[in-house]
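Worksheet for the structure shown next.
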2 protein chains.
Amino acid sequence: MLTEERRQKVLEIIKEKGFVSLGELSLHLSCSESTLRRDLEYWDQLGHIKRTHGGAMFTGEQLVMPAFEERVTEALEEKRLIARAALDLISDGSVILLDGGTTTFELARLLTGRSLQVVTNSLPIANGLSSRREIDLILLGGYIYPKTGVALGPLTIAQLERIHVRQAFIGVSGITPKGLFNSNLLLVETERAMMRSADEVIVLADHGKLDRTALAHLCPLGDISTLIVDPQLSPEQEAWLAKAGVRLIKTPPLQGQEGGAA
Amino acid sequence: MLTEERRQKVLEIIKEKGFVSLGELSLHLSCSESTLRRDLEYWDQLGHIKRTHGGAMFTGEQLVMPAFEERVTEALEEKRLIARAALDLISDGSVILLDGGTTTFELARLLTGRSLQVVTNSLPIANGLSSRREIDLILLGGYIYPKTGVALGPLTIAQLERIHVRQAFIGVSGITPKGLFNSNLLLVETERAMMRSADEVIVLADHGKLDRTALAHLCPLGDISTLIVDPQLSPEQEAWLAKAGVRLIKTPPLQGQEGGAA
DNA sequence: ACATTCAATCAAAATCTTTCATATTACTTC
DNA sequence: GAAGTAATATGAAAGATTTTGATTGAATGT
């Protein structure tokens with residue numbers, strides 16, 4: 001097999017799977033791991049993939065999985081449905097803000113083709129949207145938190161003070177009757193600034209986030225306009241959300257659920 | 001068989017299969033490998049195929065990669081040498097600013113392993129550096145110019161006013177005795193702000209940029225501290241650069257790259 | 001602390017480029 | 001139309017490059 005041909009196959013596999021390990025690659029292609037490493041290096045240089053310890057992930061041409069956390073695949077279908085529900089709230093030509101996070105990332109993927117102004121502090125989202133001509137992208141700068149690739153801190157907050165958006169879509173780690181939580185103190189500072197900049201605050205969360213807390217308290221429940229969640233939440237949870245005056249949007253139940261078709 | 005006829009067959013086979021090796025080609029056509037190589041060379045020149053080690057691949061109708069990645073390979077070796085020369089100017093632990101552009105991108109690539117604070121308005125650079133733990137990354141936000149993925153405009157400028165860096169590395173489209181040029185008006189505004197934020201302004205350019213102008217005038221020559229360029233510039237060019245008081249750093253010539261010559 | 005995984009290096013194999021002599025084609029001239 | 005000449009195409013060989021798989025010590029993640 002020709003060098004180029006093999007490289008194409010390598011890229012194809014990575015593109016298909018999102019992430020591969022070296023061992024997995026060498027199952028498909030008969031050549032040494034050294035060679036595969038070199039191929040990964042090659043595509044990495046061209047920016048189509050990103051090498052990681054143990055393998056590589058696709059980052060090229062399209063909206064891609066965030067290069068950051070592996071939680072992405074967790075509850076993926078639910079996140080997609082939540083993102084789709086969020087999409088329905090967005091009208092053409094408006095200005096929205098997208099927080100970092102896996103669910104907002106899913107939402108970003110769905111925005112293609114819509115004429116919008118999108119503000120975000122998330123590197124993966126900016127990445128995916130940057131080549132879309134139909135979308136005006138405004139990136140929030142600041143200190144980049146390496147773990148998730150979002151901009152945080154005083155610079156980000158200062159920039160938010162000069163920006164006003166119709167809707168802000170926020171992801172959180174936990175929701176309890178006490179309010180919303182996220183895992184990082186700087187992050188919640190930044191998210192508070194986002195909320196101040198928005199007419200409407202829409203929180204995206206799967207039911208797993210309910211009744212869970214995290215390190216940093218973001219705000220009381222009353223500060224948000226809308227919560228979009230999948231329908232698998234308990235009646236009690238629904239009750240205290242209603243009591244706090246949160247507008248609750250439940251996604252339709254999973255249709256093709258069951259059995260992760262291999 | 002006529003030459004033309006054989007060449008057509010060669011192209012046809014490549015188009016059909018996508019990839020072919022030389023051996024495979026010579027099964028279908030009875031002539032020497034030398035001749036087939038010349039045929040591949042012929043079609044390669046016309047852009048219908050791309051020669052590779054061991055054979056060739058069809059490219060006639062394939063889509064081309066976006067502008068950014070394409071330009072990367074142009075004068076790549078020179079850019080790398082320029083980037084390497086720039087690297088020598090950076091001391092560990094310092095704060096640098098990287099403009100967008102292909103040469104600064106090469107520089108960013110070389111930064112891995114150095115403990116630095118890096119400020120950039122370039123999405124591709126931020127991408128590459130975001131997971132490096134040894135590097136503190138500060139991203140400049142703003143309107144993202146889709147063509148090159150850099151942040152521009154008033155938001156970016158406002159953010160730069162709150163930042164101070166030791167060295168700013170800037171890429172330009174043209175350099176003449178009249179000064180520096182770039183292709184985008186918003187971009188030069190932003191770059192001026194970068195220059196204001198830096199103690200030292202270092203411009204990276206290959207010799208092809210000399211004596212070329214572009215749409216937007218950035219600044220007179222006197223405003224920059226240092227120009228790093230490959231050594232293929234004319235004596236006149238060197239003269240007017242010296243006259244303007246620009247510190248000129250020439251990279252070593254391409255061929256004579258010392259180092260690990262075995 | 002451990003087991004992986006990585007980057008760097010090396011030698012062998014494959015392939016490439018260059019060069020040259022020969023064969024073929026095209027063109028000129030008579 | 002035939003012979004001679006220039007231009008191009010071909011095949012083969014030598015030396016330079018590239019690719020590859022294996023091996024090493026270093027770096028990384030649990």
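Just so we're on the same page: letters track the sequence lines, and every chain starts at 1. Note that the structure is predicted; figures quoted are calculated from it, not measured. What's counted below: heavy atoms across the whole structure, side chains too, no hydrogens, waters or symmetry copies.
- Taking B/K17 as the reference, B/E24 meet the salt bridge (charged side-chain N to carboxylate O under 4.0 Å, His left out) condition, with sequence neighbours excluded.
- Within the 4.0 angstrom heavy-atom criterion, no nucleotide atom of any strand lies near B/S21.
- Each of B/L248, B/L204, B/D206 was scored for a side-chain contact (heavy atoms from CB on, under 4.5 Å) with B/I228, with one residue passing: B/L204.
- At a threshold of 4.0 angstrom between heavy atoms, the contacts of B/G23 with the nucleic acid are absent.
- Formation of a donor-acceptor pair under 3.5 Å by the A/N182 side chain with backbone atoms of A/S173 is found in this model.
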Distances under 3.5 Å only, N/O to N/O: pair up the protein atoms with those of nucleotides 19-26 of chain D.
residue, atom, partner, partner atom, Å
D/dT19, O3', A/T3, OG1, 3.4
D/dT20, OP1, A/T3, OG1, 3.3
D/dT20, OP1, A/R6, NH1, 2.5
D/dT20, OP1, A/R6, NH2, 3.3
D/dT20, OP2, A/R6, NH2, 3.1
D/dG21, OP2, A/S32, N, 3.1
D/dG21, OP2, A/S32, OG, 3.0
D/dG21, OP2, A/T35, OG1, 2.3
D/dG21, O5', A/S32, OG, 3.4
D/dG21, N7, A/R38, NH2, 2.5
D/dG21, O6, A/R38, NH1, 3.3
D/dG21, O6, A/R38, NH2, 3.3
D/dA22, N7, A/S34, OG, 3.1
D/dA22, N6, A/S34, OG, 3.4

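- Checked against ring-ring contact (aromatic ring centres under 6.0 Å, His included), A/Y143 has no partners two or more places apart in sequence or in another chain.
- The pair B/E200-B/R247 meets the salt-bridge criterion, with a side-chain N (NZ, NE, NH1 or NH2) lying under 4.0 Å from an Asp/Glu carboxylate O.
- The interatomic distance linking B/D44 (CG) with C/dT17 (C1') rounds to 14 Å, in whole Å.
- Rounded to an integer number of Å, the gap from B/R37 CZ to C/dC16 C1' is 6 Å.
- The side chain to side chain contact (heavy atoms under 4.5 Å, CB included) check on B/A83 picks up B/E106, B/L107, B/L110, with sequence neighbours excluded.
- A/E41 places its CD atom 15 Å from the C1' atom of C/dT9, with the value rounded to the nearest Å.
- For the pair B/I144 and B/V150, the minimum side-chain heavy-atom distance is 4.5 Å or more.
- In the helix from C/dA1-D/dT30 to C/dC30-D/dG1, the terminal helix axes, each the rotation mapping four pairs' C1' atoms onto the next four within five end pairs, subtend 50°, rounded to 10°.
- Shown here are the salt bridge (charged side-chain N to carboxylate O under 4.0 Å, His left out) partners of A/D39, two or more places apart in sequence or in another chain: A/R6, A/R7.
- Rounded to an integer number of Å, the gap from B/E5 CD to D/dA9 P is 16 Å.
- Straight-line distance from the CG atom of B/L22 to the P atom of C/dT17: 10 Å, rounded to whole Å.
- Rounding to whole angstrom units, CZ of residue A/R51 and C1' of D/dT28 are separated by 13 Å.
- Per the geometry, CD belonging to B/E4 stands 15 Å off C1' belonging to C/dA26, to the nearest Å.
- The shortest distance between side-chain heavy atoms of B/W43 and B/R51 does not fall below 4.5 Å.
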